[in-house]
Amino acid sequence: MPLKVVEEATAGVPTHCPYCALQCAMTLRPRPGGGADVEPRDFPVNGGGLCRKGWTAAELLSSPDRLTTPLMRRTRTAPLEPVSWDAALDRIAAELRRIQDAHGRDAVAVFGGGGLTNEKAYLLGKFARVALGTANIDYNGRFCMSSAAAAANAAFGVDRGLPFPVTDIASAGAVLLVGANVAETMPPFVRHLPGAGDDRGLIVVDPRRSQTARDADLHLQVTPGTDLALANGLLHIAIAEGLIDTDYIAARTTGFDEVRRNVSAYWPERVERITGVPVSEQRAAVRMLAAGRANGGAMVLTARGAEQHSKGVDTVRAFINLALALGLPGRPGSGFGSITGQGNGQGGREHGQKADQLPGYRRIDDPDARAHVAGVWGVDPDVLPGPGRSAQELIESLGTPDGPKAMFVAGSNIAVSAPQAGLAERRLAALDFLAVSDLVLSETAKLADVVLPAAQWAEEEGTMTNLEGRVLRRRRAVAPPPGVRTDLEILAALAARLGRPDGFEADPAAVFAELRRASAGGPADYSGITTDALDSGAAVYWPHPGEHGTPRLFADRFPTADGRARFAAVRHRPPAESIDADFPLQLITGRVLAQYQSGSQTRRIHALREAEPGAFVELHPQLAERLGFADGQEIRVVSRRGTARAVVRLSDEIRLDTVFMPFHWPGDQRVNLVTNPALDPVSRMPEFKVCAVRLEPPLAVADRLHPSAA
Ligand code: SF4
C-alpha cells in the first residue's frame, strides 16, 4: 500500500516508536515513492538506540493487511463485508442503543488498550461514562500494570512506574531487577544498567537464565511464584546484618515494626527451601545492594515476572518493603520502580479508561473527583456511573444473564491476550453485538459484527506517557490510507449518533486541552503541560500543575496523608494452581525480542515474522529427554483450561521443573489457552505468569499411542 506523505513531513518527523513503554525516539522519513525510513534519534531513554521492532516499525504503515474500509456482517453467522462509514456507524449506534433500552445502560461495555494515546484513552473513558452512561469500561492495562500500580498507590500514595528519570539508573551502584528480561523486551534500556567491567552490580531474579540474567553479576534462579518469599528473605538478611537504614525508616515511613516481626519468619534456609535460591546467593544479593547504596545508590525494579500473579500486589509490596528498609526511595541514584510494558501503559492508566478511575488518576468513588470531572464534562456528578467490573471479570461476564450484551473494543486483542483465551473467545461470541476498532483484522476483530478501520501511530497526532512518567508528543508523519479514520473521529461520530453532538472533539489538540483541565489537581496533573513544551523536547514529567513538572518524586515527602511511605506485612503463599501428578510442570510466560504483545502488529512485519514465526516452548534438555521430545518437534502444552501447540526449543538455561512459552501467536498457538485467570484480590490482575501443565505429543501421535487419551 503506497503511503500518502504529509506535505511538511518529507524532511522527516521526530516521533517515538509505536510499541513498548520505553518510547524510543526516532525520526520517520516517508519516501515519496512509498514506504518510510526509520532513523533512531538521540533521546535520554534510548541514547540513539532502537531494537529490531523499532527499526522495522515503518513497515506496518504500508502493510497489505491494513483495513481500509469498515466491515459488517448482517447476522452473527454471516461473513464480514465492506460497507460505508455511515452504515457501520449507524449500525453500531443503533445496536448499542437498542441493547441499552432493553437491558439497561450497563448492558454495553467498552474495552480499551494500553497502546492508545492519552487523548484516545481520555475520550474513550468519557464516551463510556457520558455518551453511553455505562459503568462497564476497562482495558488491557489491567493485565499489565495493575498490581504494580495498586502496590505503589498503597505504599507511596501515587503510581508512576519509575518515579525518577530512567537515566538515574545509570548512577546506581547496584540494581535488583525482578522478573524483567529487558535485554529482549526493551534492549535500549540495558544501557542504563550496570554492565560488564564497571564497578556496579546487577542482580536479576528470574526462573529462566534469560539474556538479562546471563549479563548479570548475580542471577537468583527463583522457583516460579516465590518472589514474595525471596523479598521477605532478603529483608530478613538486611535486618540481621545491620544493613537497613534506621534513620530513614524512622523519619520517612510507617509500619516497619510489623514488617520486622513478619520477616523474622523468613530465615535464609527456609527461604532457600521455598524459592530454590541458595542462602549464599541471598546474602550476596543483600550485600551487593548495600554496597551499591554506598557507591552512588541502589535500585529495586520489578516487572511482569513478579507482578502477574494472584499475589502480585503483595509481591510488589514486599520488594517496596526491602527498598524502604534500605532507605532508597527519594534518594539520588536510588529508589523503587516498576518497568511499564505497553507503549502508553502509564498514560493509559491515568485518564479514565480503567473501571475505577477518572482522568488525572482520580478515583471514581471519590466525590470531589467526580464533581471536578463532571464539571469539566458539563454533566451532573450523580450521573457518572461506576466503578464497573475489572477487565477479566468483565470478559467472563459477557453475554451472561447479568453481564453486558454488547461491547465496543478499541486497540485491544482480547481473543489472544486474555487468560484462559478459549473462554474469552466464547464469551465474545456470546455477545449480541461486538464492534471493534483496529488497524488490522485482529483475532478479536474477526469475531466482531462491525469492524472499523482505524489510523495508527504515525498517521495521527497525540501524546504518550512513557515508563518514567514523561509526556511525549507523537507526531503525524503520513496521512492514513483513504477510508481510514482516527479513533477520536470514530468516538466523536458515535457520540453524535448517541445524542451527544457536543463535547466529543475529534481534534487531538482540543482533546488534550480538555484532558489537561480534567486532570488539574489530580495525582497525574497534566494541567501545566503545553504543546510548545512537548515540541521543544523539554523533559515534561507529571505532576505538572504549573510551569514546571516533577522529574523526581519523593525527595522530601510521599504524597500520603502523613507524608510517609507505608510498609506492609505480606506473607508468601503458593500460586493459585500447584503442580501435581497430572500437571507436573510449571509454565511461565513472557515476551521475545522480535514480537510484541498479541503480535497483531509485529506478526505482520516480514523480518520479525522470519525471526520468530510461531509459538515455541522452551524446556531443559534433560526434561526433553525424559519425556522423549526433540528440539524442533511440535508438541502440546496442556493445562486444566486448554491446550496450546508449540515447537520444542531446548535450553539448559531454564529450571528442570519449568517450561517457558511466549504469548504472541494466535489460534491454537496461544499460550493463553492454557494460562490461569485466577485474580489478585486487590488489583484483579490474572495469574498469567505461572500455572501447572503437562507436555504431550501432537494429537495424531497421541491418538496412535493412547487412543483413549484424545
Ligand atoms: Fe520500540 Fe521498545 Fe524497541 Fe524502543 S525498546 S525500539 S520503544 S519496542
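Indexing begins at 1, ligand by ligand and atom by atom, following the structure's order. Heavy atoms only: backbone and side chains are in, while hydrogens, waters and symmetry mates are out.
Using a 4.0 Å cut-off between charged side-chain N and carboxylate O, D159 and R349 make a salt bridge. Ion pair E618/R208 flagged as a salt bridge, since at least one NZ, NE, NH1 or NH2 atom sits closer than 4.0 Å to an Asp/Glu carboxylate oxygen. Salt bridge present: E460 and K120 bring a charged side-chain N and a carboxylate O closer than 4.0 Å.
Those atoms of ligand 1 that come under 4.0 Å of a heavy atom in K53, given as number and element, are 8 (S). Short contacts between ligand 1 and Y19, defined as distances under 4.0 Å to a heavy atom of the residue, involve ligand atoms 8 (S). Near G54, with a cut-off below 4.0 Å to any heavy atom, the atoms of ligand 1 are 6 (S). Listed by number with element, the atoms of ligand 1 under 4.0 Å from a non-hydrogen atom of Q23 are 7 (S). Taking every non-hydrogen atom of P188 and a distance limit under 4.0 Å, the qualifying atoms of ligand 1 come out as 5 (S).
Contact annotation for M186 and ligand 1: heavy atoms of both the backbone and the side chain come within less than 4.0 Å of the ligand. Neither the backbone nor the side chain of A21 comes within contact range of ligand 1; no heavy atom lies under 4.0 Å.
For the residue pair N672 / T675, a side-chain donor-acceptor distance below 3.5 Å is found, with atom types taken as modelled.
Across C20, G343, C24, A57, heavy-atom proximity to atom 2 (Fe) of ligand 1 is greatest for C20.
Checking each of R474, E119, R473 against T463 for a side chain to side chain donor-acceptor pair (under 3.5 Å) leaves exactly one that passes, namely E119. Between H351 and the options F512, Y139, Y526, Y361, a ring-ring contact (aromatic ring centres under 6.0 Å, His included) holds for only Y526.
What sits closest to atom 1 (Fe) of ligand 1 on the protein, heavy atoms only, is C17 SG, 2.3 Å. Ranking protein heavy atoms by distance to atom 3 (Fe) of ligand 1, first place goes to C51 SG, 2.3 Å.
Relative to the ring axis of F164, R552 does not place its NZ or CZ within 45° and under 6.0 Å from the centre.
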